[in-house]
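The next block holds one structure in the form of structure tokens; read it before the comments.
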Number of protein chains: 2
Amino acid sequence: MSLSPENEFEPTFDNVLRMGGNTQNNETEKPPVFIEDVARLAGVSPITVSRAIRTPSKVSVEKQNRIREAIEATGYKPDSIARALRSGRTNIVLGFISNMFSQQFAKAVRGCSLILEESGYQFLIGETTYSYKKESAIISDLQQLKPAAVFFTGVIELEENREQLRKLKIPIMETWAYPRDPIDLLVGISNTDGGKLAARHLANKGYKEVAFIGRGGGRGALRYQGFADECERSGISIVKKIHCKEVIDINDGRKVFHELYADGNMIKAVFCANELLATGVYLAARDAGLRIPQDLAIIGFGDNDLASSLQPGITTIRFDSEALGQHAGRMILASLRGEKLNQKTRYMPLSVIERGST
Amino acid sequence: MSLSPENEFEPTFDNVLRMGGNTQNNETEKPPVFIEDVARLAGVSPITVSRAIRTPSKVSVEKQNRIREAIEATGYKPDSIARALRSGRTNIVLGFISNMFSQQFAKAVRGCSLILEESGYQFLIGETTYSYKKESAIISDLQQLKPAAVFFTGVIELEENREQLRKLKIPIMETWAYPRDPIDLLVGISNTDGGKLAARHLANKGYKEVAFIGRGGGRGALRYQGFADECERSGISIVKKIHCKEVIDINDGRKVFHELYADGNMIKAVFCANELLATGVYLAARDAGLRIPQDLAIIGFGDNDLASSLQPGITTIRFDSEALGQHAGRMILASLRGEKLNQKTRYMPLSVIERGST
DNA sequence: TTGTATGCGTTATCAA
DNA sequence: TTGATAACGCATACAA
């Protein structure tokens with residue numbers, strides 16, 4: 001069913017509520033205000049105004065006050081482009097996210113952005129889409145964009161890109177893994193430990209044969225590594241391993257579900273190294289008539305609304321991604337302010353959230 | 001369960017795969033390349049290089065070739081900040097999204113960004129969080145950011161903000177509603193018609209008493225308007241109306257579910273003006289032991305992975321949000337290029353996707 | 001079609 | 001602590 005054809009051609013207008021009434025538009029346009037105007041009004045030179053804004057400590061209190069008044073009176077706002085041209089740096093912090101459909105990434109980015117915006121930085125987001133090519137293109141563009149700092153929901157793997165980032169000489173924040181050698185700043189989780197936790201959990205539940213589903217590269221590979229190591233220690237065998245190329249949404253999980261049983265294996269438990277996969281597998285399993293956890297136990301990684309909303313919920317390896325973003329924001333800020341960081345790396349603990357799916 | 005304390009203190013390092021090997025770092029740093037360097041190499045003046053890049057048609061083919069070679073030889077990239085200072089405009093297109101947790105918004109933004117990035121624009125995203133205050137702050141900042149164009153997943157309601165946007169004299173794209181008087185460009189859906197479709201669908205299903213859940217303002221109010229109008233026409237009564245302040249995620253839907261029955265009403269069908277609400281209500285209803293659709297029929301608005309993944313799926317009012325984003329991107333592009341648009345407004349049709357929840 | 005002169009609005013640098 | 005001067009790298013305006 002859809003609207004009748006006539007209606008399709010003449011859709012109803014939305015009577016959007018307009019608020020604020022008429023702006024007296026007939027007023028003559030206010031001329032733009034420059035630093036010079038403020039300076040004249042305050043009876044100082046432009047450079048003193050500039051200093052009063054950026055480094056007030058270098059300006060006498062008396063002039064600070066006069067300048068503040070002049071700024072308020074005129075409504076002056078510094079031109080960030082001119083500022084960037086001269087100083088070689090904008091006040092924009094760029095956050096790159098590998099998949100906008102991931103709630104965890106969204107939370108982290110939100111946490112980081114709140115912290116930075118409080119301090120007058122602009123936080124803007126770009127999407128990298130798990131593609132090395134796109135990532136390289138973005139990193140190359142960074143040289144032109146001249147951001148004040150950069151935040152990634154991931155770590156940079158290509159040495160060439162790492163080198164380029166280092167050359168920017170700005171705070172670079174990597175997250176979502178715990179490498180020995182971050183480029184600069186890191187708020188990380190150990191994906192390896194995440195995999196171990198999942199294996200240990202399944203071992204505790206008494207499973208002897210398990211399956212793994214995850215991306216073949218990046219974090220997926222790391223989670224597999226930890227999972228496989230701990231499975232071996234616990235005497236569990238991984239009877240099936242499925243690698244997905246790209247995981248964008250739940251349907252990627254649904255698609256791989258049937259591969260689980262393609263060999264005639266009797267899979268009773270699976271670790272999905274990603275929550276989108278876990279929920280997709282869960283839903284497909286249920287559609288196929290399997291009982292969860294009796295016929296198939298599922299443990300995921302990352303958590304999301306859906307994993308906690310389903311009944312039974314999906315057991316998962318979780319960490320506080322909003323807190324991760326906030327920590328990242330604070331470290332970036334400290335670094336931007338030239339404060340000495342007592343640690344450039346921070347670890348976010350993982351825990352198993354046990355729900356009904358295992 | 002979590003890792004043992006020792007492990008918490010000494011998390012396992014992730015052995016992130018590094019690719020690309022050593023960059024010969026001992027090479028002397030390449031000096032930066034400016035337009036003047038290219039010009040000298042090509043035997044022309046800097047301004048000719050500038051023109052060759054931006055408006056090749058104004059440069060002789062012969063010089064174009066020489067300049068192209070010089071650019072490749074030197075690896076020259078124009079400084080976008082200097083460019084922006086001089087021309088008063090960056091090559092950044094800003095996309096503002098009201099809620100990063102909405103899949104529809106994410107899809108639209110992705111569609112728009114793909115189109116614009118193909119043409120050399122940077123597409124960056126900011127979040128507005130349904131707050132007038134934040135929205136006003138952002139719009140005020142736009143004057144400094146000097147983007148080439150702006151895309152909103154919504155329409156701007158405050159006249160003051162509308163006026164400020166108009167003053168920017170850049171393409172302004174509004175979406176997600178179908179107002180009579182957009183600021184500039186619009187790729188819209190009629191929220192009013194969406195509400196009507198929902199009402200008509202419930203009427204067709206034979207319901208006589210229905211409930212509404214949605215945000216009290218913005219699109220929620222528009223959808224209610226259409227819903228209420230069509231309910232009246234069809235002789236259906238709205239026995240319960242719940243307004244939510246802010247809808248961020250599924251839990252907002254879960255929370256309001258119980259209000260449905262607070263008055264002792266026997267609600268048999270509900271229109272949730274937003275998919276996050278619909279899925280939350282659905283899950284809460286199921287938890288409460290209600291059968292869907294027998295005990296409670298639910299129709300949503302917007303669709304998402306979850307609505308289509310549940311069983312029964314959630315009936316919803318849908319439109320192609322990725323296509324919306326793409327159309328928006330193309331219109332913005334045309335406008336940036338100074339092409340005459342034969343229409344500044346485009347309508348996206350809505351349809352009812354009937355699943356098992358009604 | 002090409003080039004010259006100039007300036008975008010701010011801040012680095014240096015001198016006072 | 002303050003100010004004069006120059007410059008950031010490019011594109012507009014105008015002339016040729």
Side-chain angles (χ1 to χ4, degrees), chain A residues 30-68 70-71 74-92 120 141 143-148 169 338, chain B residues 31-68 70-71 74-92 120 141 143-146 148 168-169 336 338:
Chain A
K30 291 181 252 180
V33 181
F34 303 121
I35 200 167
E36 203 184 322
D37 303 318
V38 176
R40 204 178 311 116
L41 191 60
V44 296
S45 74
I47 189 65
T48 305
V49 175
S50 176
R51 277 195 279 252
I53 292 169
R54 292 171 302 131
T55 50
S57 63
K58 293 185 178 173
V59 174
S60 70
V61 178
E62 184 221 332
K63 293 200 172 167
Q64 275 186 50
N65 292 334
R66 273 196 281 154
I67 289 168
R68 188 174 336 106
I71 288 176
T74 54
Y76 169 71
K77 288 203 172 189
D79 179 315
S80 53
I81 306 279
R83 197 172 238 194
L85 178 61
R86 187 61 255 223
S87 69
R89 207 116 291 166
T90 67
N91 70 332
I92 295 174
D141 286 346
Q143 292 164 19
Q144 300 177 59
L145 239 34
K146 301 206 173 80
K169 311 238 188 264
Chain B
V33 182
F34 303 121
I35 200 168
E36 204 184 322
D37 304 317
V38 177
R40 205 177 311 117
L41 191 63
V44 297
S45 74
I47 189 64
T48 305
V49 176
S50 176
R51 278 195 277 251
I53 293 169
R54 292 171 303 130
T55 48
S57 63
K58 293 186 178 173
V59 174
S60 70
V61 178
E62 184 220 332
K63 295 201 171 167
Q64 275 185 51
N65 291 334
R66 274 196 281 153
I67 290 168
R68 190 176 331 108
I71 287 176
T74 54
Y76 170 72
K77 289 203 171 189
D79 180 314
S80 53
I81 305 280
R83 205 172 231 196
L85 178 61
R86 185 63 256 221
S87 68
R89 208 116 289 168
T90 67
N91 70 332
I92 295 173
D141 286 346
Q143 292 164 21
Q144 300 177 58
L145 239 33
K146 301 205 172 78
L168 295 177
K169 312 238 187 264
L336 284 170

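Numbers restart at 1 for each chain; the letters A, B, ... are given by sequence-line order, proteins then strands.
Regarding contacts with the backbone of C:dT2, every side-chain N or O of B:Lys58 stays at 4.0 angstrom or more from both OP1 and OP2. In this model, the phosphate group of D:dT2 is not approached by any side-chain N or O of A:Ser45 to a distance below 4.0 Å at OP1 or OP2. Using a 4.0 Å cut-off, some side-chain N or O of B:Lys63 falls inside it from OP1 or OP2 of C:dT2.
For the pair A:Ile53 CD1 and C:dG9 P, the interatomic distance rounds to 15 Å; values are reported in whole Å. When the P atom of C:dG9 is taken as reference, atom CG of B:Leu145 falls 17 Å away, rounded to whole Å. The CG-P distance, from A:Leu85 to D:dA6, rounds to 18 Å in whole Å.
The distance from atom OG of A:Ser45 to atom CD of A:Glu36, rounded to the nearest 0.5 Å, is 10.5 Å. Taken from NZ in B:Lys77 to CD1 in B:Ile53, the straight-line distance is 12.0 Å, to the nearest 0.5 Å. Distance CD1/B:Ile81 to OG1/B:Thr90: 8.5 Å, rounded to 0.5 Å.
Across A:Ser80 and A:Asn91, no two heavy atoms sit closer than the pair CB-OD1, 4.4 Å.
Distance alone, capped at 3.5 Å, places no donor-acceptor pair between the B:Asn65 side chain and the B:Glu62 backbone.
Within the 4.0 angstrom heavy-atom criterion, only backbone atoms of the sugar-phosphate kind lie near B:Ser57; the bases stay farther away.
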- Step by step, would you call B:Arg83 with B:Arg54 a side chain to side chain contact (heavy atoms under 4.5 Å, CB included)? CA-CA 11 Å; B:Arg83 205 172 231 196; B:Arg54 292 171 303 130; 3.9 Å; yes
What protein N or O atoms touch nucleotides 10-13 of chain D N or O atoms at under 3.5 angstrom, if any, and at what distances?
from: D:dC10; atom 1: OP1; to: B:Tyr76; atom 2: OH; distance (Å): 2.6
from: D:dC10; atom 1: OP1; to: B:Asp79; atom 2: N; distance (Å): 3.4
from: D:dC10; atom 1: OP2; to: B:Ile35; atom 2: N; distance (Å): 3.0
from: D:dA11; atom 1: OP1; to: B:Arg83; atom 2: NE; distance (Å): 2.5
from: D:dA11; atom 1: OP2; to: B:Ser50; atom 2: OG; distance (Å): 2.5
from: D:dA11; atom 1: N3; to: B:Arg86; atom 2: NH1; distance (Å): 3.4
from: D:dT12; atom 1: OP2; to: B:Arg54; atom 2: NH1; distance (Å): 2.9

